[in-house]
Amino acid sequence: ITNKTNNSQKNRLIIVSNRLPIVLSKDNKGRWQAEQGSGGLITALAPVLKNRGGLWIGWPGTSRAHDKKALESVFTRAAGDFGYTFEPVFLPESLVNAYYFGFSNQVLWPLFHDLQTRCDFSPDYWNAYQKVNEIFARTIAQNIKSQDDHIWVHDYHLMGVGQALRKLHATAKIGYFLHIPFPPLDIFLKLPWRFQILESLLCYDMIGFQTQRDRRNFVQCVHAMLNHIRIKGRGQVLSTQVNGRMVRVGNFPISIDYNEFAKKAGTRAVEKRVDEIRAVFPSDHLILGVDRLDYSKGIPERLLAFRNALQRYPELEKKISMVQIVVPSRQRIPEYENLKHEIEQLISEINGTFTRPGWVPIHYLYQGVDRTELTALYRAADIALVTPLKDGMNLVAKEYCASNIHLDGVLILSEFAGASSQLYKHALLVNPHDIEGIADAINQACHMGLDERKKRMRALRKIVKKTDIYWWVDTFLKAVFSHDLDTLGPLED
Ligand code: ADP
Ligand code: G6P
């Protein structure tokens, strides 16, 4: 499969996600400006639409959208720059609060990451969620031009869109992909709207998950809760009949534009930045963490592990430095604000204890960084610490490998990141709750010889390259729209 061609290329692709890849905001003169959105979904999908064109339907990240004319010109300009068109879904602030900050991010996000104590099961949130899913469905229905359009709905914010589209009598095939984990039965059962969620998911023609673990959890929930439905089959895609319609259930590990990252890593601009970064961090081992601010990412545990490594391996003093970059996210939710304080407190405590003249152990940036800076940091880092408590995939792990063109970096990876289902053999796998275990992995990485590092990194890069984002899109679309499930290739999971 090449980047540019596949057998479904002639069909128009309509991507639907909560967030558009550009987020609108006003500058200090009150003019609208478009910024790149953040997070794994956008990193993965933006190059796909750029590559094949199409339409992206989503929320533009603002509720202050009275000036429709001014906004239209922003989107027209962006369409010219990006090579595909945008259909913004404007939502009133009250709905954004209850649907996005509420049901999506205080019910589904924590529950699906096995963190049910962080959930707020307010019934108002559920009502808003249904309403917004109906609004999205109406927008999609208005934008379908042909039965051959490929409609592809993304992520946990929009599980009910398929069902709402069926109520509008849409007959086009609709694919759905869940970017976050699907929880085990005993956790899913806690959701007060568990039947409604399962039934709405089964309105899609294809339900895609990141890993076999997620798909297995979903199948178990369906079998336990809806005993008239049996999901059958073998291989990458299973299937069942729901009200006379075939529903497919598959797993497809999402990825990145590998070539783009690898190419960028070799540019002069990145090379120059790598030299500058190395000059600032003369210590032998630079350790990097890059995350959205989120409690699922295991950042405090990682910092405790770094401290533990300094305590238990005192010879690492002045030899290791850590750069932790955190991009702000979902700031209006108290759990996120609290996490920010927790991280800052821990970092200042660790630096307060261990700093020596000429050496500060942890450097912390609370900001998004651009692609050149990010790639330079990936290249400059000797060790990437990717330790989510649970994660759908985790693209940072894959970006680190793709950018590591000199093959000398070590990836320390949580066994609960979806990425570990592909990278487990060649990364140093850790349990993100095991502070001493992570500290030992840091120490092991610091002492690993160049030959072993190269062998591991070469193997990691091979996997990420082979199953890149274009492979993912082609595999998913083929699985939704092909008539014959047997034509699908074997699973790389
Ligand atoms: P999630 O989707 O939960 O945020 P992923 O690891 O899958 O987690 O994706 C995160 C994406 O956001 C990656 O593409 C990563 O490069 C990007 N990212 C994370 N933190 C930053 C940052 N501080 N600056 C720029 N990009 C970031
Ligand atoms: C994760 C989710 C995405 C989401 C992203 C950023 O990757 O799976 O759907 O867009 O985080 O979060 P945000 O709430 O800012 O959209």
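In this chain, residues are counted from 1 in sequence order.
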Would you check if [X] and [Y] make a side-chain contact, meaning some heavy-atom pair closer than 4.5 Å?
X: Ile438; Y: Phe306; result: no
X: Lys297; Y: Val326; result: no
X: Val161; Y: Ile140; result: yes
X: Thr240; Y: Val242; result: yes
X: Tyr204; Y: Gln163; result: no
X: Lys466; Y: Ile463; result: no
X: Ile412; Y: Val386; result: no
X: Phe188; Y: Gln220; result: no

Which word best sums up how the rings of [X] and [Y] line up, parallel for under 30°, tilted for 30 to 60°, or perpendicular for over 60°?
X: Phe218; Y: Phe209; result: tilted
X: Trp109; Y: Tyr156; result: tilted
X: Phe476; Y: Phe252; result: perpendicular
X: His179; Y: His154; result: tilted

Which heavy-atom pair separates [X] from [Y] by the least distance, and what is that distance?
X: Met393; Y: Ile254; value: CG-O, 3.6 Å
X: Ser200; Y: Gly160; value: CB-CA, 4.0 Å
X: Phe90; Y: Pro60; value: CE2-CG, 3.5 Å
X: Ala397; Y: Ala419; value: CB-CB, 4.4 Å
X: Cys401; Y: Met457; value: CA-SD, 3.9 Å
X: Val247; Y: Leu202; value: CG2-O, 3.4 Å

Practice item. Could you give me the CA-CA distance, side-chain angles and deciding distance for His113 and Leu389, then say whether side chain to side chain contact (heavy atoms under 4.5 Å, CB included) is met? Key: CA-CA 8 Å; His113 286 87; Leu389 305 180; over 6 Å; no
Does [X] reach the main-chain N or O of [Y] with its side chain, forming a donor-acceptor pair under 3.5 Å?
X: Asp391; Y: Ala417; value: no
X: Ser403; Y: Glu399; value: yes
X: Arg215; Y: Gly250; value: no
X: Ser420; Y: Glu415; value: yes
X: Arg461; Y: Ala402; value: yes
X: Gln236; Y: Asn251; value: yes
X: Arg248; Y: Ala479; value: yes
X: Thr387; Y: Glu301; value: no

Pair [X]-[Y], side-chain donor/acceptor within less than 3.5 Å:
X: Gln422; Y: Thr467; result: yes
X: Asp434; Y: Asn431; result: no
X: Asp214; Y: Thr211; result: yes
X: Tyr378; Y: Asn404; result: no
X: Thr139; Y: Glu87; result: no

As an exercise, state the distance from [atom1] of [X] to [atom2] of [Y], rounded to the nearest 0.5 Å.
X: Gln331; Y: Phe101; atom1: CD; atom2: CZ; answer: 8.5 Å
X: Arg230; Y: Ser239; atom1: CZ; atom2: OG; answer: 14.0 Å
X: Ile325; Y: Arg292; atom1: CD1; atom2: CZ; answer: 15.0 Å
X: Gln212; Y: Asn217; atom1: CD; atom2: CG; answer: 11.5 Å
X: Leu293; Y: Leu339; atom1: CG; atom2: CG; answer: 4.5 Å
X: Phe75; Y: Phe86; atom1: CZ; atom2: CZ; answer: 7.5 Å

Practice item. Answer yes or no on whether Lys340 is positioned over the face of Tyr366, meaning its NZ or CZ is under 6.0 Å from the six-membered ring centre and within 45° of the axis. Key: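 Because its charged atom sits under 6.0 Å from the ring centre and within 45° of the axis, Lys340 does stack over Tyr366.
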Check your understanding: When you measure from the centre of the six-membered ring of Tyr295, is the NZ or CZ of Arg118 under 6.0 Å away and within 45° of the axis?
Key ->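 Positive - Arg118 is close enough to the ring of Tyr295 and near enough to its axis.
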Point to revise | Pairs meeting criterion salt bridge (Lys or Arg N to Asp or Glu O under 4.0 Å) with involvement of residues 148-171, two or more places apart | key: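 For residues 148-171, and leaving out neighbouring residues, the salt bridge (Lys or Arg N to Asp or Glu O under 4.0 Å) pairs sorted by first residue read Arg12-Asp149, Arg166-Asp205.
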Point to revise | side chain to side chain contact (heavy atoms under 4.5 Å, CB included) between Phe177 and Met206, intermediate numbers included | key: CA-CA 8 Å; Phe177 186 79; Met206 158 69 82; over 6 Å; no
Practice item. Begin with the C-alpha distance, continue with both residues' side-chain angles, and end with the deciding distance and a verdict on side chain to side chain donor-acceptor pair (under 3.5 Å) for Tyr336 and Asn105. Key: CA-CA 11 Å; Tyr336 286 73; Asn105 287 313; 4.9 Å; no
**Study point:** Worked verdict on Asp468 versus Lys398 for salt bridge (charged side-chain N to carboxylate O under 4.0 Å, His left out)
**Key:** CA-CA 9 Å; Asp468 73 354; Lys398 293 189 172 182; over 6 Å; no
Check your understanding: Does the pair Met322 and Leu385 meet the rule for a side chain to side chain contact (heavy atoms under 4.5 Å, CB included), with working shown?
Key -> CA-CA 9 Å; Met322 178 165 175; Leu385 253 188; 4.3 Å; yes
Point to revise | Ring centroid separation Trp193 to Phe103 under 6.0 Å | key: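 Yes, ring centres under 6.0 Å apart.
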Heavy-atom count check: over 12 atoms from other residues, nucleotides or ligands less than 6.0 Å from [X] [atom1]?
X: Asp370; atom1: CG; result: yes
X: His341; atom1: NE2; result: yes
X: Lys190; atom1: NZ; result: yes

Review point. So Ser122 and Tyr125, side chain to side chain contact (heavy atoms under 4.5 Å, CB included) or not? Walk me through it.
Key: CA-CA 6 Å; Ser122 162; Tyr125 292 170; 3.9 Å; yes
Just list the side-chain donor-acceptor pairs under 3.5 Å for residues 15-22, sequence neighbours left out, or say none.
{"residue": "Ser17", "atom": "OG", "partner": "Arg19", "partner atom": "O", "Å": "2.6"}
{"residue": "Ser17", "atom": "OG", "partner": "Trp56", "partner atom": "NE1", "Å": "2.9"}
{"residue": "Asn18", "atom": "OD1", "partner": "Tyr99", "partner atom": "OH", "Å": "2.6"}
{"residue": "Arg19", "atom": "NH2", "partner": "Tyr100", "partner atom": "OH", "Å": "3.2"}

